[in-house]
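Heads up: numbering here begins at 1 and tracks the sequence. Computed over heavy atoms, backbone and side chain alike; hydrogens, waters and symmetry mates excluded.
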Amino acid sequence: ISLACCITAYLLLAYNIEFDNFHDDKKVSRIFRVHTLSTEKDGRIVRDDQAPLVMAPISAEEIAGIGRYTRFLYGGGAMRYGDKAFNEGLAFADSSFFDLFDYPLISGSHNSFHDRNSIFLSEELAKKYFGDEDPIGKMLVLNFVNDTEIEVFVGGVVKKFPINNSFTFQALMRMEHFIDIHKIKIDDWGDWRNPATFFELSSADNAEQIGAQFAKYIPGRNKVRTDMVVDSYQLVPFKANYDQDDIRYNWLNSRMSFVPLLVF
């Protein structure tokens with residue numbers, strides 16, 4: 001029993017200590033995520049690991065020191081190949097996702113994700129639809145609840161990666177499809193589907209200065225959404241040590257709460 005408890009405690013600690021080690025420190029050293037601090041109607045201050053969908057492209061154009069960005073969130077749809085059709089959970093991201101984060105491929109090319117009509121599958125999902133057939137370049141048909149139908153080609157099969165990292169997905173598509181499916185306007189600060197948002201900065205030393213400039217977007221955002229008032233946006237290093245208890249809304253995996261660690 002003592003040995004089992006020690007092993008369990010080690011696994012819990014290792015999950016947190018090694019969280020996001022899958023991503024090379026040097027590569028992500030200039031990548032920052034946006035946290036939104038808000039005041040709820042009862043006066044509580046909460047932290048969300050999300051930002052308005054429109055913030056990334058607008059701020060990348062207007063704020064010096066921001067380079068590439070990517071957004072990440074989940075959706076769902078029916079996926080079909082031949083006579084195989086299933087409802088699947090889908091993730092959506094911008095074209096730079098594989099440029100910013102390292103996900104080795106079994107087959108295909110990361111460059112294919114720059115084509116908006118590509119889709120990247122996990123090993124498991126590729127096997128489910130294609131068996132022993134080479135999936136690269138094959139076409140999949142996706143249907144969504146609002147009668148939208150999209151045809152995409154398989155650009156890559158992602159090698160299995162550790163579960164203790166920020167991103168989890170079985171199928172990854174381009175963010176433009178999510179925007180089109182839900183008919184989101186490019187200047188709509190009031191839409192509630194806020195993705196996890198990441199910026200690559202020209203210098204990590206400028207993060208505080210750049211983050212302060214997001215304040216100019218707050219009045220317009222609060223004008224169209226009064227249910228939850230935004231106090232500030234913060235730029236936080238990609239590998240910042242936050243856990244499940246620190247974040248309210250999140251599309252990403254988080255480190256485990258400290259509570260089960262204390263139990264052991």
Side-chain angles (χ1 to χ4, degrees), residues 12-13 15-17 19-20 28 31-60 62-63 66 69-76 89 91-93 163-169 175 178-179 182 184-185 187-199 201 204 206-264:
L12 290 172
L13 286 167
Y15 183 94
N16 279 5
I17 293 171
F19 196 86
D20 274 334
V28 300
I31 297 177
F32 287 74
R33 62 180 74 196
V34 180
H35 279 183
T36 300
L37 274 65
S38 305
T39 300
E40 293 203 311
K41 289 184 177 180
D42 62 4
R44 289 184 303 121
I45 304 296
V46 293
R47 179 183 296 269
D48 298 324
D49 199 355
Q50 300 177 341
L53 186 66
V54 300
M55 175 184 280
I58 290 175
S59 57
E62 296 180 349
I63 300 177
I66 293 178
Y69 66 84
T70 192
R71 297 162 291 181
F72 183 91
L73 50 65
Y74 293 109
F92 297 83
I163 61 171
N164 60 336
N165 91 99
S166 291
F167 306 98
T168 299
F169 56 89
M175 183 64 70
F178 183 88
I179 293 170
H182 297 285
I184 301 171
K185 297 179 181 179
D187 59 349
D188 184 3
W189 286 88
D191 192 85
W192 57 270
R193 289 159 288 217
N194 297 327
T197 301
F198 303 85
F199 292 108
L201 307 184
N206 297 333
E208 186 175 351
Q209 175 188 353
I210 292 172
Q213 296 183 61
F214 292 137
K216 65 182 179 181
Y217 303 125
I218 293 176
R221 186 269 176 206
N222 287 343
K223 182 178 180 180
V224 293
R225 281 200 65 183
T226 59
D227 57 319
M228 186 177 66
V229 178
V230 170
D231 297 318
S232 65
Y233 295 114
Q234 295 181 348
L235 282 180
V236 178
F238 171 69
K239 290 193 176 183
N241 190 12
Y242 288 91
D243 65 35
Q244 296 166 344
D245 293 334
D246 300 318
I247 307 295
R248 181 183 57 170
Y249 295 140
N250 196 350
W251 292 105
L252 310 173
N253 289 334
S254 298
R255 290 172 174 82
M256 287 187 185
S257 167
F258 191 63
V259 175
L261 301 181
L262 280 178
V263 172
F264 285 97

Compare all side-chain heavy atoms of Asp49 with those of Trp251 and state whether any distance is below 4.5 angstrom.
no
Has Thr36 got a side-chain atom pairing as donor or acceptor with Gln50's backbone, closer than 3.5 angstrom?
yes
Say you draw a straight line from OG of Ser232 to CG of Leu37; how long is it, rounded to the nearest 0.5 Å?
4.5 Å
Is it true that, when you exclude Ile163 itself, more than 12 heavy atoms of the residues, nucleotides or ligands shown sit nearer than 6.0 Å to its CD1?
no
Identify every side-chain donor-acceptor pair in residues 212-221 under 3.5 Å, counting partners at least two apart or on other chains, and give the distances.
residue, atom, partner, partner atom, Å
Tyr217, OH, Glu62, OE1, 2.7
Arg221, NH1, Arg225, O, 3.4
Arg221, NH1, Met228, O, 2.5
Arg221, NH2, Met228, O, 3.4

Partners meeting side-chain hydrogen bond (donor to acceptor under 3.5 Å, both in side chains) with Asp188 (sequence neighbours left out):
none
Salt bridge (charged side-chain N to carboxylate O under 4.0 Å, His left out) partners of Arg248, counting only residues at least two apart:
Glu40, Asp48
Using the test side-chain hydrogen bond (donor to acceptor under 3.5 Å, both in side chains), find all partners of Lys185 that sit at least two apart in sequence or belong to another chain.
none
Does the Asn222 side chain pair with the main chain of Val229, one donor and one acceptor, at a distance under 3.5 Å?
no
Applying side-chain contact (heavy atoms from CB on, under 4.5 Å), name anything that partners Ala207, two or more places apart in sequence or on another chain.
Phe32, Leu201
Are Pro195 and Phe92 close enough that some pair of their side-chain heavy atoms sits under 4.5 Å apart?
no
Donor-acceptor contacts under 3.5 Å from residues 233-240 side chains, at least two apart:
residue, atom, partner, partner atom, Å
Gln234, OE1, Arg47, NH1, 3.0
Lys239, NZ, Asp20, O, 3.1
Lys239, NZ, His23, O, 2.7
Lys239, NZ, Asp25, OD1, 2.4

